[in-house]
*Asks:* 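Dropping the structure in here first, questions after.
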Amino acid sequence: MKIGLCGTMSVGKTTLVNALQDLPEFKGYNFRTERSKELMEMGIPLNTDSTLLGQTVFLAERAGELMQENIITDRTVIDVMAFAQASKSIDYIDKEAFSDYASHLISGYDYIFYVSPKGVEI
């Protein structure tokens with residue numbers, strides 16, 4: 001089963017994924033948490049500073065996760081699409097083409113859970 005958590009930064013997605021690792025129901029699952037610090041060190045800009053190439057790297061990581069049988073991840077294709085749309089350096093045409101392509105990968109998840117920032121101090 002492929003399970004993804006999506007939502008803005010600092011709402012507890014990674015904390016939740018890490019907590020699920022301890023449950024016997026998820027024995028045999030792979031767990032992935034975002035590697036934003038490592039990617040920043042590689043010179044890949046994030047968030048609104050992101051580029052089309054940078055978002056392509058993020059999308060490739062999410063696609064790679066979807067090739068695994070049992071995985072729980074704290075980022076999804078939907079997050080990548082949202083960050084691409086928020087980017088200041090990607091033009092409108094490229095944003096639309098990127099999101100259109102990426103949207104075809106959403107069906108690869110069995111479940112996607114949105115973690116709301118409501119009640120979380122960001």
*Asks:* Which heavy atom in P117 sits nearest to a heavy atom in T8, and how many Å separate them?
*Replies:*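 Heavy atoms only, the tightest pair is CB-CG2, 3.9 Å.
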*Asks:* Within the structure provided, determine whether M81 and K95 are in side-chain contact (heavy-atom separation under 4.5 Å).
*Replies:*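 Heavy-atom side-chain distance check fails, nothing below 4.5 Å.
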*Asks:* Examine Y111 and F26 and state if one hydrophobic cluster contains both, with Ile, Leu, Val, Met, Phe, Trp and Tyr joined whenever side-chain heavy atoms are less than 4.5 Å apart.
*Replies:*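 In one cluster with Y111: F26, yes.
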*Asks:* Are any of the side-chain heavy atoms of Q55 and F58 separated by less than 4.5 Å?
*Replies:*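 In short, these two side chains touch, coming nearer than 4.5 Å.
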*Asks:* What do the steps show when you test N18 against T15 for side chain to side chain donor-acceptor pair (under 3.5 Å), and what is the final call?
*Replies:* CA-CA 5 Å; N18 289 334; T15 301; 5.9 Å; no
*Asks:* Where do S50 and G54 come nearest, in terms of heavy atoms and distance?
*Replies:*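 The pair with the smallest heavy-atom distance is OG-C, 4.2 Å.
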*Asks:* Going by the side chain to side chain contact (heavy atoms under 4.5 Å, CB included) test, name the single residue among M1, K27, K2 that passes it with N70.
*Replies:*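 Output: one option passes, namely M1.
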*Asks:* Could you tell me if the side chain of T73 sits less than 4.5 Å from the side chain of L5, heavy atoms only?
*Replies:*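 Side-chain contact under 4.5 Å: no.
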*Asks:* Consider only side-chain heavy atoms of I, L, V, M, F, W and Y, link residues closer than 4.5 Å, and tell whether I90 and Y92 are in one cluster.
*Replies:*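 No, separate clusters.
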*Asks:* With a 3.5 Å distance limit and no angle check, can you tell me whether S99 reaches the backbone of E96 through a side-chain donor-acceptor pair?
*Replies:*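 No; zero donor-acceptor contacts below 3.5 Å.
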*Asks:* So if you build clusters from Ile, Leu, Val, Met, Phe, Trp, Tyr with side-chain heavy-atom gaps below 4.5 Å, do Y109 and I71 land together?
*Replies:*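 Y109 does not cluster with I71.
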*Asks:* Return the OG1 to CD distance between T56 and E61, rounded to the nearest 0.5 Å.
*Replies:*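 Result: 12.0 Å between the selected atoms.
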*Asks:* Using a 4.5 Å cut-off on heavy atoms from C-beta on, say whether the side chain of Y101 contacts that of L59.
*Replies:*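 Of all side-chain heavy-atom pairs linking Y101 with L59, at least one is under 4.5 Å.
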*Asks:* Could you state the interatomic distance from CG (L66) to OG (S107), rounded to the nearest 0.5 Å?
*Replies:*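 It is 8.5 Å, given to the nearest 0.5 Å.
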*Asks:* Looking at every non-hydrogen atom in both residues, tell me the closest pair between C6 and T76 and how far apart they are.
*Replies:*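 Looking at all heavy atoms of both residues, the closest pair is CB-OG1, 3.4 Å.
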*Asks:* Looking at side-chain heavy atoms only, is the closest gap between F98 and L52 below 4.5 Å?
*Replies:*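 Yes. Closest side-chain heavy atoms under 4.5 Å.
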*Asks:* Do F31 and L20 have side chains that get closer than 4.5 Å, going by heavy atoms?
*Replies:*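 A side-chain contact under 4.5 Å exists here.
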*Asks:* What pair of heavy atoms forms the shortest contact from D79 to G7, and how long is it?
*Replies:*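 Heavy atoms only, the tightest pair is OD1-N, 3.1 Å.
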*Asks:* Rounded to the nearest 0.5 Å, what separates atom OG1 in T33 from atom CG in L16?
*Replies:*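 These two atoms lie 12.5 Å from each other.
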*Asks:* Which value, rounded to the nearest 0.5 Å, describes the distance between E65 atom CD and D74 atom CG?
*Replies:*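 One finds 8.0 Å between CD of E65 and CG of D74.
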*Asks:* Are V80 and M67 connected in the hydrophobic side-chain network, where two residues link if heavy atoms are under 4.5 Å apart?
*Replies:*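 Not linked; separate clusters.
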*Asks:* Quick one: pull up CD in Q68 and CG in N30 and give me the separation to the nearest 0.5 Å.
*Replies:*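 Reported to 0.5 Å precision, the distance equals 4.5 Å.
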*Asks:* Linking I/L/V/M/F/W/Y whenever any side-chain heavy atoms sit under 4.5 Å apart, do Y114 and V17 land together?
*Replies:*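 Different clusters: Y114 never reaches V17 through Ile, Leu, Val, Met, Phe, Trp or Tyr contacts under 4.5 Å.
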